[in-house]
Structure formats: C-alpha cells, structure tokens
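Got a structure for you, written out below as structure tokens; questions coming shortly.
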Amino acid sequence: MITEFQEKVYRAISMIPEGRVTTYGAIASYIGTGGVRAVGRAVGKNPYAPEVPCHRVVYSDARVGNYSAQGGVREKIRLLESEKVKIEDGVVLDFEKIFFDYGSTDMVAE
DNA sequence: TGCATGACCAGAC
DNA sequence: CGTCTGGCCATGC
C-alpha cells in the first residue's frame, strides 16, 4: 500500500541528480507536509527499494544517517562514493556544495 | 480511538 | 562542544 505521502517522498528523492545529496528536512519542507520524522519513516520502510536513490538522503549535519536497504549504512556510503561523493567517517564532505536544494531548481522534474 | 516509535532536527544545558 | 529533551507527523498494534 503506497500512500500519497510516500509518493511525494518518492518523487522528491527521484529528482536528486547524481553526485548530489539532500536532507530529510529539505524533503519535508519541499513536500510541505509532515515532519522530518514522517519522511524518515516513509523512506525507512523502503517501499521503493533500489528503485529510488534514497542513499542520496543524509542528515542536516552532513552525516550519512541510516540505511535500511541491503548493506546498511556501509553500502549507502559505498553508493555515494561511487557517485563522486566524498565521505569520511560517516560524514559527507563538501556537503554544502553538493547539497540539492529543492528551492534552487527549475522544477523541471515536476 | 489512543499510545508508542522512527533512515530526524534544532534548541537548551 | 557533547548530550539530553521536546517536537514534528505518519504508521502500526
């Protein structure tokens, strides 16, 4: 059962380009509804599995956060690194540079 | 219908 | 600067 809320989260994450990351807070702010907890919960349930680049979603502190999919956080970091995202000790480097802000796009995906 | 919890976040101490 | 607390809202039991 996919709720409308989860669908919004799914689309928000899908529009994240390669080599970029965003935060749960940014997603929550973008879709306008729910708090970061709701977003985290929705993604955490991982209804879309690898269909969605959920590994590009990190903490606002630049920390990679958690990962429910196969491999866990360890795999999440590996995926990000394979997309040119530098990670050190569970923290995203150049976080401010590669941060994907939903308010700074042309909104073409929408 | 109500309580507890979660891939979080920000403020207080 | 590390740790704790409260709050956010959707979900599950």
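All figures in this text were calculated on a predicted structure; none of them were measured in a lab. In the text below, chain A, chain B and the rest are named by the order of the sequence lines, each starting its count at 1.
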Nucleotide of dC9(B), dA10(C), dT11(C) approaching Thr3(A) most closely (side-chain heavy atoms):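 Out of dC9(B), dA10(C), dT11(C), the nucleotide with an atom closest to Thr3(A)'s side chain is dT11(C).
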
Protein-nucleotide distance (Tyr67(A), atom OH; dC8(B), atom P), rounded to Å: 14 Å

Tell me: OH of Tyr30(A) to P of dC9(B), nearest whole Å?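 Rounding to the nearest Å, OH of Tyr30(A) and P of dC9(B) are 19 Å apart.
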
Rounded distance (Å) that lies between atom P of dC9(B) and atom CG of Asn66(A):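 Between P of dC9(B) and CG of Asn66(A): 12 Å.
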
Taking atom C1' of dA7(B) as reference, at what distance in whole Å does atom CD1 of Ile16(A) sit?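 Ile16(A) atom CD1 is separated from dA7(B) atom C1' by 13 Å.
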
Toward the 5' end of DNA chain C, which comes first, Glu4(A) or Val36(A), by nearest nucleotide?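 Between the two, 5'-proximity favours Val36(A).
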
Among dC8(B), dA7(B), dA10(C), which nucleotide sits nearest the side chain of Arg41(A)?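 Of the candidates, dA10(C) comes closest.
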
Using a 4.0 Å heavy-atom cut-off, does Gly35(A) contact any base of the nucleic acid, only the sugar-phosphate backbone, or nothing at all? sugar-phosphate

Can you measure Ile13(A) atom CD1 to dA7(B) atom C1' for me and round it to whole angstrom units? 10 Å

What orientation do Phe95(A) and Phe99(A) show, parallel under 30°, tilted 30 to 60°, or perpendicular over 60°?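 Correct class here is tilted.
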
Does Tyr30(A) reach the side chain of Val39(A), with side-chain heavy atoms less than 4.5 Å apart?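 Not touching, per the 4.5 Å side-chain cut-off.
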
Quick check for you: among dC9(B), dT11(C), dA7(B), whose closest atom lies nearest to any side-chain atom of Asp61(A)? dC9(B)

Give a yes/no answer on whether the side chain of Lys45(A) brings an N or O atom under 4.0 Å of OP1 or OP2 in dG12(C). yes

Interatomic distance where CD1 belongs to Ile31(A) and C1' belongs to dC9(C) [whole Å]: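 In whole Å, dC9(C) C1' lies 10 Å from Ile31(A) CD1.
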
Figure out the OH/C1' separation between Tyr24(A) and dA10(C), and round it to whole Å.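 Answer to the nearest Å: 16 Å.
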
Phosphate-side-chain proximity, Ser60(A) and dC9(B), N/O vs OP1/OP2 below 4.0 Å: yes

Output yes when a side-chain donor or acceptor of Ser82(A) lies under 3.5 Å from a complementary backbone atom of Leu79(A), and no otherwise. yes

Here's a test of your reading of the structure: between Val58(A) and Val39(A), which maps to the more 5' nucleotide of DNA chain B? Val39(A)

Under 4.5 Å between side-chain heavy atoms, hopping through other hydrophobics if needed: is there a path connecting Val91(A) to Val58(A)? no

Base, sugar-phosphate alone, or nothing: which one does Gly25(A) contact when heavy atoms must sit under 4.0 Å apart? sugar-phosphate

Strictly distance-based, threshold 3.5 Å: is any side-chain N or O of Tyr102(A) a donor or acceptor partner for the main-chain N or O of Ala26(A)? no

It should be established whether Thr23(A) places a side-chain nitrogen or oxygen under 4.0 Å from OP1 or OP2 of nucleotide dC8(B). no

When the distance from CZ of Arg37(A) to P of dC8(C) is rounded to whole Å, what number comes out?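 It is 12 Å, rounded to the nearest whole Å.
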
